[in-house]
Amino acid sequence: MPELPEVESLRQILARSAVGRTIVSARIGEARLRRRIVADFAAAVAGRQIIKLSRRAKYLIIELDGDHVMLVHLGMSGSLIHRGEDFSDAEFDPKHDHVEFALDDSSRLVYNDPRRFGMMRLVARAALENSPELKGLGPEPLSRDFNADYLAGKARGKQVAIKNLIMDQKIIAGIGNIYASEILYRAGVRPTRRAGRVTRKEIEKIAGAVPVILRAAIGSRGTTFRSYRDSRGQPGRFAEQLRVYGRENEPCYACSTPIKNVVVGQRASFYCPKCQV
DNA sequence: CTTACATCCTGATTGC
DNA sequence: TGCAATCAGGATGTAA
């Protein structure tokens, strides 16, 4: 479920409580995820200190002392909850708690993912950039590498819907289903438009809307539409600022036309039929 | 290479 | 109330 703003919010919040902590021990619950957790994972992280949290696309990177990092993806339903000493009453649930780290301040960091679309694995720092997960990713949407010229080059000649294009992690890394709809609403472009037919001016509007929407969402600590929670168990507040996502048949805030919901690339896609051309 | 679609999995919600 | 159908913030593999 989490997209870039949720992972970034999680990173910022978790960093405050977890950086500097040492992993005393780890235990594994259900090991079957998108990739199975390897048998020696717990032993490999025990005794390591968390030195930094970083992020690439929707991946959280927990940097450890020594030469490895933990690469984490939350899939659709994953969470990483940090329970302090005073919260330690929650039971370990081996069905959905995949990993529990005991830290040196008696807190516990629990990685939970009921749908098991996520992953957590140890990667050598030197091999991270070329790992199968990160290797093919497009530029970070909040970096200078992403701009209208870049997007125009990628859209040129493409038949795919523009919404699918901006959700393609090889094109831009980190945009998912909620923010794709919100970005296209702000840009005034329908999600169903063929990417190659989107005009230069519209591409510029889309490229401009990307950082505006994502930064605003990060500022609100992400969107909790259903179940996203940060490491404190808190929901994000951006849901109240959503303009189209989840608002089928409700009036557009700009023109009162009912918001439509169409399926594009097997995903629900919301737009205003009047404001978006 | 591009595009379209099924598939992985479980839980919450919707509809009859 | 109960039960079945439908739907989820994602990514990938396969086939045309």
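Side chains included, hydrogens not; waters and symmetry mates left out as well; all remaining heavy atoms used. Chain identifiers are assigned alphabetically (A, B, ...) following the order of the sequence lines, protein sequences preceding nucleic acid strands; residue numbering begins at 1 within each chain.
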Would one find a side-chain N or O of [X] under 4.0 angstrom from OP1 or OP2 of [N]?
X: A:Gln169; N: C:dG10; result: no
X: A:Lys58; N: C:dA11; result: yes
X: A:Arg116; N: B:dT10; result: yes
X: A:His96; N: B:dG11; result: yes
X: A:Lys95; N: B:dG11; result: yes
X: A:Arg226; N: B:dA12; result: no

Nucleotide [N], atom [atom2] - distance to [atom1] of [X] in whole Å:
X: A:Glu248; N: C:dT6; atom1: CD; atom2: P; value: 16 Å
X: A:Phe225; N: B:dA12; atom1: CZ; atom2: C1'; value: 13 Å
X: A:Leu74; N: C:dA11; atom1: CG; atom2: C1'; value: 14 Å
X: A:Met76; N: C:dA11; atom1: CE; atom2: C1'; value: 10 Å
X: A:Met119; N: C:dG10; atom1: CE; atom2: C1'; value: 13 Å
X: A:Arg115; N: B:dT13; atom1: CZ; atom2: P; value: 14 Å
X: A:Glu133; N: C:dG13; atom1: CD; atom2: C1'; value: 15 Å
X: A:Arg35; N: C:dA11; atom1: CZ; atom2: P; value: 15 Å

For this session: Could you check which nucleotide pairs with B:dA4 in any of the strands shown, counting Watson-Crick or G-U wobble with both distances under 3.5 Å?
Result: C:dT14

At under 4.0 Å between heavy atoms, what does [X] touch on the DNA or RNA strands: base, sugar-phosphate, or nothing?
X: A:Pro2; value: base
X: A:Arg267; value: base
X: A:Ser227; value: base
X: A:Gln159; value: sugar-phosphate

Problem set entry | Inter-nucleotide P distance (B:dA12, C:dA11), Å rounded | 23 Å

For this session: For C:dT14 versus B:dC9, give the span between their P atoms, rounded off to a whole number of Å.
Result: 16 Å

Exercise. Do we see a donor-acceptor contact under 3.5 Å between the side chains of A:Glu6 and A:Tyr179?
Worked result: yes

Exercise. For A:Arg197, does the CZ atom sit with more than 12 other heavy atoms under 6.0 Å from it, leaving out its own atoms?
Worked result: no

Exercise. When you look at NZ of A:Lys158, are more than 12 heavy atoms from neighbouring residues, nucleotides or ligands closer to it than 6.0 Å?
Worked result: yes

Problem set entry | Aromatic A:Tyr253 / basic A:Arg247 pairing, under 6.0 angstrom, 45° off normal | yes

Exercise. With stacking defined as ring centroids separated by under 5.5 Å and planes differing by under 30°, is A:Phe117 stacked against C:dA11?
Worked result: no

Problem set entry | From B:dA6, B:dA4, B:dG11, nucleotide with atom closest to A:Val160 side chain | B:dA4

Exercise. Among C:dA8, C:dA11, B:dG11, which is the nearest nucleotide to the side chain of A:Tyr245?
Worked result: C:dA8

Exercise. If only atom types and distance count, is the side chain of A:Gln169 paired as donor or acceptor with the main-chain N or O of A:Ile175 below 3.5 Å?
Worked result: yes

Exercise. Closest heavy-atom contact between A:Ser25 and A:Ala46?
Worked result: CA-CB, 4.5 Å

